[in-house]
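Data block below; observations after.
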Amino acid sequence: IKHPLQNCWTLWYYENDRSQSWEKNQKEIASFQTVEDFWSLYNHIKPASELRQGTDYSLFKKGIMPMWEDKANHRGGRWLLSLEKKQRTNDLDRYWLDILLCLIGEAFEHSKEICGAVVNIRQKGDKIGIWTADAGNASAVLEIGRKLKERLHIPPRTVLGYQVHKDTMDKTGSVSKYSYTV
Ligand SMILES: CN(C)c1nc(=O)c2c([nH]1)N([C@@H]1O[C@H](COP(=O)(O)OP(=O)(O)O)[C@@H](O)[C@H]1O)CN2C
């Protein structure tokens, strides 16, 4: 028999079709709940580094939409990894896979707080966000951030910031407000 995961997960693809609404562009690719079915899907789709600019992959617990407004996300926020352009070749795919494995493998002590993760492929620099449910649960948010840095072997001097979705939604200009840093 196949090895069951603790949760069922859904992979989404955001296609950047300007003629469609943002929500219409979020396409559900597939769901899985075993290790084997994860690897079949992962090996079947393009790596993040080969996606068109402006597109995203998202992996969320089944039933949670990859959007701020979902009831599971609206009180939460994200740990944000902003990558340099040159990191698309060396780090992007490794970081994204490591994060996928952390999610499906329930690597975090506060794994109940985890909603999902998003990778944005962007001209100005790729981004990976790890979305948690409750921005006010400081101990859970900080444990997840610290574990992320450790699991991704991010150098201690690199600062990771956590953005509350409400602040990201209301963001005016490019200033990102971090509620926590690790
Ligand atoms: C329900 N709904 C409309 C809605 N719900 C959402 O949850 C949601 C959006 N809209 N997003 C829209 O995409 C733009 C780019 O964000 P980006 O994160 O792709 O980043 P870039 O600015 O393209 O780097 C955001 O400015 C926002 O307009 C983003 N987003 C998460």
Side-chain angles (χ1 to χ4, degrees), residues 9-32 37-62 64-70 72-73 76-105 107 114-132 144-145 148-149 151-155 158-165 167-178 181-182:
W9 298 86
T10 302
L11 184 71
W12 301 75
Y13 174 66
Y14 174 79
E15 55 185 33
N16 191 21
D17 176 351
R18 303 263 185 225
S19 70
Q20 299 262 27
S21 71
W22 187 89
E23 282 193 65
K24 281 264 190 321
N25 274 326
Q26 283 289 5
K27 306 296 183 191
E28 194 171 333
I29 300 174
S31 296
F32 56 88
D37 290 344
F38 164 72
W39 284 114
S40 310
L41 176 57
Y42 181 80
N43 292 325
H44 175 73
I45 58 175
K46 277 183 183 228
S49 58
E50 290 176 21
L51 295 181
R52 217 163 23 88
Q53 311 274 30
T55 64
D56 308 340
Y57 277 140
S58 299
L59 185 79
F60 275 73
K61 285 173 181 172
K62 188 162 187 56
I64 304 178
M65 302 278 284
M67 57 178 64
W68 302 312
E69 294 78 3
D70 190 287
N73 294 320
R78 66 172 176 178
W79 281 107
L80 184 64
L81 276 71
S82 299
L83 303 182
E84 300 292 325
K85 291 185 184 178
K86 65 179 183 304
Q87 289 186 278
R88 179 174 297 174
T89 40
N90 319 339
D91 296 334
L92 177 69
D93 291 334
R94 173 174 63 86
Y95 279 162
W96 180 240
L97 178 56
D98 282 355
I99 283 166
L100 294 178
L101 293 173
C102 284
L103 262 55
I104 68 174
I114 295 285
C115 297
V118 182
V119 57
N120 306 121
I121 304 306
R122 297 292 183 276
Q123 172 67 33
K124 60 191 173 184
D126 302 328
K127 293 179 284 182
I128 299 179
I130 292 81
W131 290 31
T132 76
I144 290 165
L148 259 179
K149 270 184 98 169
R151 292 286 295 257
L152 270 59
H153 309 297
I154 292 173
T158 304
V159 174
L160 284 193
Y162 181 90
Q163 296 171 330
V164 178
H165 292 321
D167 297 332
T168 311
M169 268 187 234
D170 304 342
K171 174 178 82 175
T172 49
S174 62
V175 176
S176 305
K177 179 178 167 224
Y178 293 140
T181 55
V182 288

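Values below: every heavy atom of this structure, side chains too, minus hydrogens, waters and symmetry copies. Bear in mind that the values here come from a model prediction, so they are computed numbers and not experimental data.
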Exercise. Go through R88 and D126 one step at a time and tell me if the salt bridge (Lys or Arg N to Asp or Glu O under 4.0 Å) criterion holds.
Key: CA-CA 7 Å; R88 179 174 297 174; D126 302 328; 2.7 Å; yes

Quiz item: Run the side-chain contact (heavy atoms from CB on, under 4.5 Å) check on I104 and L59 step by step: do they pass?
Solution: CA-CA 9 Å; I104 68 174; L59 185 79; 4.0 Å; yes

Quiz item: L92 and I128: side-chain contact (heavy atoms from CB on, under 4.5 Å), yes or no, with the steps?
Solution: CA-CA 9 Å; L92 177 69; I128 299 179; 4.2 Å; yes

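- Checking side-chain atoms of D98 against main-chain N and O of L152 turns up no donor-acceptor pair under 3.5 Å.
- K127 places no side-chain N or O within 3.5 Å of a backbone atom of R122 that could act as its donor or acceptor partner.
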Quiz item: Given the rule in the salt bridge (Lys or Arg N to Asp or Glu O under 4.0 Å) test, do D56 and K27 qualify, once you have shown the distances and angles that lead to the verdict?
Solution: CA-CA 10 Å; D56 308 340; K27 306 296 183 191; over 6 Å; no

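- Side-chain N or O atoms of N73 include one that pairs as donor or acceptor with a backbone N or O of M65 at under 3.5 Å.
- The backbone N or O of Q163 sits nowhere less than 3.5 Å from a side-chain atom of D167 that would complete a donor-acceptor pair.
- Ring planes of Y162 and W79: perpendicular class, angle over 60° (limits at 30 and 60°).
- For the side-chain hydrogen bond (donor to acceptor under 3.5 Å, both in side chains) test, no residue two or more places apart in sequence or in another chain qualifies with T89.
- A tilted orientation is assigned to the rings of H165 and W131, their planes being inclined by 30° to 60°.
- Within 6.0 Å of atom NZ in K177, 12 or fewer heavy atoms from other residues, nucleotides or ligands are found, so the atom counts as exposed in its surroundings.
- With hydrogens and angles disregarded, no donor-acceptor distance shorter than 3.5 Å links the side chain of N25 to the backbone of Y14.
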Practice problem: Go through the steps for I99 and L148 under the test side-chain contact (heavy atoms from CB on, under 4.5 Å), then give the verdict. | Solution: CA-CA 8 Å; I99 283 166; L148 259 179; 4.1 Å; yes

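- More than 12 heavy-atom neighbours from other residues, nucleotides or ligands sit within 6.0 angstrom of CD on E50.
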